[in-house]
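Encoded as structure tokens, the structure appears first; notes follow it.
Bear in mind that the values here come from a model prediction, so they are computed numbers and not experimental data. Within every chain, numbering begins at 1; the chains are lettered A, B, ... in the order of the sequence lines, protein sequences first and strands thereafter.
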2 protein chains.
Amino acid sequence: MREITLKEIAETLGISITTVSKALKNYPDVSEKTRKSVIALAEKLQYTPNSFAVNLRTKESKTIGLIIPEVVHHFFSNVINGIIAQAEKNGYLVIILQSNESLELEKKQVELLINKRVDGILMSLSNDSNDENHIKEILNRKIPFVQFDKISKLIPSSKVIINDQRAAMDAVQHLINKGCKKIAHIRGPINPQNAIDRFLGYKKTLEKNDIPFDSKLVYTCTHVTFEEGVEFAKQIIEEHPDVDGIFVITDLVAVGVLAHFNEKNIPVPNQIAVIGFSNWFMSQVINPKLSTVDQPSYEMGVAAFNLLLEEMICHKDALPFKPRTVELGTNIIERESTLRK
Amino acid sequence: MREITLKEIAETLGISITTVSKALKNYPDVSEKTRKSVIALAEKLQYTPNSFAVNLRTKESKTIGLIIPEVVHHFFSNVINGIIAQAEKNGYLVIILQSNESLELEKKQVELLINKRVDGILMSLSNDSNDENHIKEILNRKIPFVQFDKISKLIPSSKVIINDQRAAMDAVQHLINKGCKKIAHIRGPINPQNAIDRFLGYKKTLEKNDIPFDSKLVYTCTHVTFEEGVEFAKQIIEEHPDVDGIFVITDLVAVGVLAHFNEKNIPVPNQIAVIGFSNWFMSQVINPKLSTVDQPSYEMGVAAFNLLLEEMICHKDALPFKPRTVELGTNIIERESTLRK
DNA sequence: AATACTATCGAAAACGTTTTCGAAATTACC
DNA sequence: GGTAATTTCGAAAACGTTTTCGATAGTATT
């Protein structure tokens with residue numbers, strides 16, 4: 001069985017390729033009679049347009065690229081979920097690549113996607129992205145581009161973010177409202193904007209409440225793992241036994257903290273309250289249940305695609321497009337790990 | 001700035017498009033001198049071939065499709081990881097779609113990928129895939145196709161699986177070796193082959209050890225959630241208070257079981273031992289740490305892509321290809337939840 | 001000097017679609 | 001009956017690449 005083409009249909013019907021194409025695309029200048037016969041035959045033969053030819057002709061592939069630090073991550077896999085769903089709803093497919101938090105890989109993958117001529121690129125930066133030349137290249141080529149979650153403020157593109165600083169302020173204020181007087185912070189790596197913002201939110205909230213900021217109470221993750229949570233929990237208890245609250249960069253690390261405290265029989269939340277970030281599924285399963293900041297991951301994927309779509313449409317029609325930033329809301333979720341009397 | 005094409009290079013160099021193309025692809029019938037000049041200019045202009053045109057001409061896109069039940073799932077996201085990595089290593093990109101365990105969506109997505117003319121398709125079936133017509137369509141069109149994890153034995157394609165029955169036998173035997181006499185099973189949904197196989201493994205192992213099989217001790221998940229684990233744990237305790245071991249279809253559900261037992265202060269493993277399946281990251285974090293069956297997810301992705309690649313190469317060269325099945329090994333991981341004295 | 005062979009190049013077709021533009025045929029209008 | 005307007009169609013170009021096959025020029029062989 002060979003491929004069905006417009007030519008094939010045209011020949012069996014004794015008409016031109018042009019007319020067949022027009023009939024299938026509802027052009028007005030083809031009679032009702034021929035349109036019907038074309039559509040009938042096309043359905044009978046199960047004709048589907050050769051997408052390679054369509055791509056070449058229309059210069060678009062209805063495919064977008066997505067680069068994220070890692071797929072195996074509850075937050076990102078939820079974002080992926082939202083992106084795929086929204087893309088599919090709008091007739092787009094998604095090619096996914098992961099940078100494994102490596103700038104080198106990230107660069108290579110941007111190049112892959114550019115060469116593939118995807119219609120647009122969605123991206124969350126890797127932690128050691130301090131060089132932006134590869135991103136500039138995307139913008140130079142006028143490829144529609146949207147950043148989400150881990151973004152660089154230096155790059156003039158659309159962005160989807162949460163207000164990390166405000167969310168962190170909410171979290172720390174929550175601890176203070178629960179009576180915490182000496183609050184430690186386990187922060188993310190140096191580079192990423194959201195780790196910086198959460199740290200700033202922590203610091204500001206202390207100051208606002210007349211609690212002195214002490215840089216010794218800040219612990220910096222390098223790999224953001226469960227094990228780091230365990231290790232920092234241990235250090236905090238040893239170095240600052242009077243700490244009564246911890247704000248942790250993300251739930252995974254916070255769960256590590258809880259695990260250590262459980263093992264050492266340190267009562268949470270009564271001796272130390274703990275609040276995490278991003279409302280990982282697991283945080284409501286662990287004991288004690290972890291209070292956290294809910295971060296709308298699926299919605300972030302949807303919003304990111306929507307922004308990209310807008311830009312792709314403008315790009316196609318050669319209209320100007322002004323980058324926009326969408327900021328999504330967050331909520332404190334109070335569970336057992338901050339439920340002090 | 002406009003797109004650089006072969007024509008552009010040819011004109012500035014005063015030679016034909018043919019020669020430029022050949023020079024860049026190292027054809028033997030172009031002189032060293034012209035080859036050098038072509039390559040030099042191509043690099044200077046940053047020429048990259050228009051992939052749309054290449055696709056049309058070569059009838060391949062170096063892109064494969066992947067359909068899985070859900071992205072947000074520790075096992076599948078690890079498989080995705082392996083597939084993407086191995087594909088990239090071999091010059092392929094991956095389009096990911098998720099069926100959300102819906103046959104309807106699955107059918108639509110197969111159609112999307114066929115129309116997109118991907119070079120091959122990788123797939124793990126959704127739970128209610130009892131109709132195979134859409135898969136047959138893939139095979140009819142001779143599109144390279146590999147199933148993994150959740151497969152249908154009725155479909156003659158390459159497959160990557162684990163030996164679910166044997167793995168289940170190992171797990172149940174482990175419980176028996178630990179002294180369990182009355183073992184319940186929380187099984188997966190009716191349809192999927194691996195749920196069936198694990199159930200059969202459970203049943204056979206009981207028989208082999210002269211423990212009577214009792215269908216009342218088998219509980220069937222419909223959605224395979226944490227909540228189902230909680231609920232079934234409750235039922236088991238109420239209906240069969242003398243059960244001393246449970247083999248659970250997957251870790252997520254097993255964690256639900258442990259959560260309920262923790263709440264009710266039922267000692268695990270001493271009153272009831274629990275073993276899960278697939279070595280979720282979380283199972284070593286929960287208290288008590290969950291014994292489980294380790295399932296090589298990343299490796300499964302790599303193996304699936306490798307099989308697909310073999311088939312794609314044969315397909316391109318019009319060579320015959322015989323479907324193969326790769327079976328990956330599993331290991332019992334003994335942790336606290338089965339550590340009885 | 002005629003022949004055979006090699007090295008180097010390019011014309012042209014092909015992949016299958018979309019879209020412009022003009023031609024032909026039909027209908028409407030005065 | 002003549003002109004104008006409308007309807008319906010198709011030729012052809014274009015998208016950018018790959019590859020076949022033939023042509024030309026130069027070199028080597030008798």
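- Within the structure, the side-chain hydrogen bond (donor to acceptor under 3.5 Å, both in side chains) test picks out the following pairs touching residues 4-23 of chain B (sequence neighbours left out): B:R2-B:E8, B:S16-B:T19, B:K22-B:D29.
- Distance OH (B:Y47) to P (D:dG16): 10 Å, rounded to an integer number of Å.
- One axis for each end of the helix from C:dA1-D:dT30 to C:dC30-D:dG1, each built from five base pairs, and the angle between them comes to 60° at 10° resolution.
- Within the structure, every pair that satisfies the ring-ring contact (aromatic ring centres under 6.0 Å, His included) test and touches residues 60-81 of chain B, not counting sequence neighbours, is listed here: B:H73-B:F76, B:H74-B:W280.
- Rounding to whole angstrom units, CG of residue B:N55 and C1' of C:dT17 are separated by 14 Å.
- Partners of A:K136 by salt bridge (Lys or Arg N to Asp or Glu O under 4.0 Å), not counting sequence neighbours: none found.
- For B:N133, the side chain to side chain contact (heavy atoms under 4.5 Å, CB included) partners at least two apart in sequence or on another chain are B:D131.
- When each of B:E106, B:E104, B:E101 is tested with B:S126 by the rule side chain to side chain donor-acceptor pair (under 3.5 Å), just one qualifies, namely B:E106.
- Taking the ring-ring contact (aromatic ring centres under 6.0 Å, His included) definition, one finds that B:F148 meets it with nothing, sequence neighbours left out.
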Checklist entry - Using a cut-off of 4.0 Å between protein heavy atoms and nucleotide atoms, how would you tag nucleotides 9-15 of chain D 5' to 3' with B, S and -? => result BBBBBBB

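- Contacts classified as side-chain hydrogen bond (donor to acceptor under 3.5 Å, both in side chains) and involving residues 303-320 of chain A (residues at least two apart or in different chains) are given here: A:E60-A:K316, A:Q86-A:N306, A:E310-A:R324.
- Considering only side-chain N and O atoms, A:S21 lies under 4.0 angstrom from the phosphate OP1 or OP2 of C:dT18.
- In this structure, the NZ atom of B:K36 is 13 Å from the P atom of C:dT8, given to the nearest Å.
- When the side-chain nitrogen and oxygen atoms of B:Y27 are compared with OP1 and OP2 of C:dG10, none of them lie within a distance under 4.0 Å.
- For B:N81, the side chain to side chain donor-acceptor pair (under 3.5 Å) test picks out A:Q98, with sequence neighbours left out.
- Following rounding to the nearest Å, A:E60 (CD) and C:dT19 (P) show an atom-to-atom distance of 10 Å.
- Taking atom NZ of residue B:K33 and atom P of nucleotide C:dA7, one finds them 17 Å apart after rounding to whole Å.
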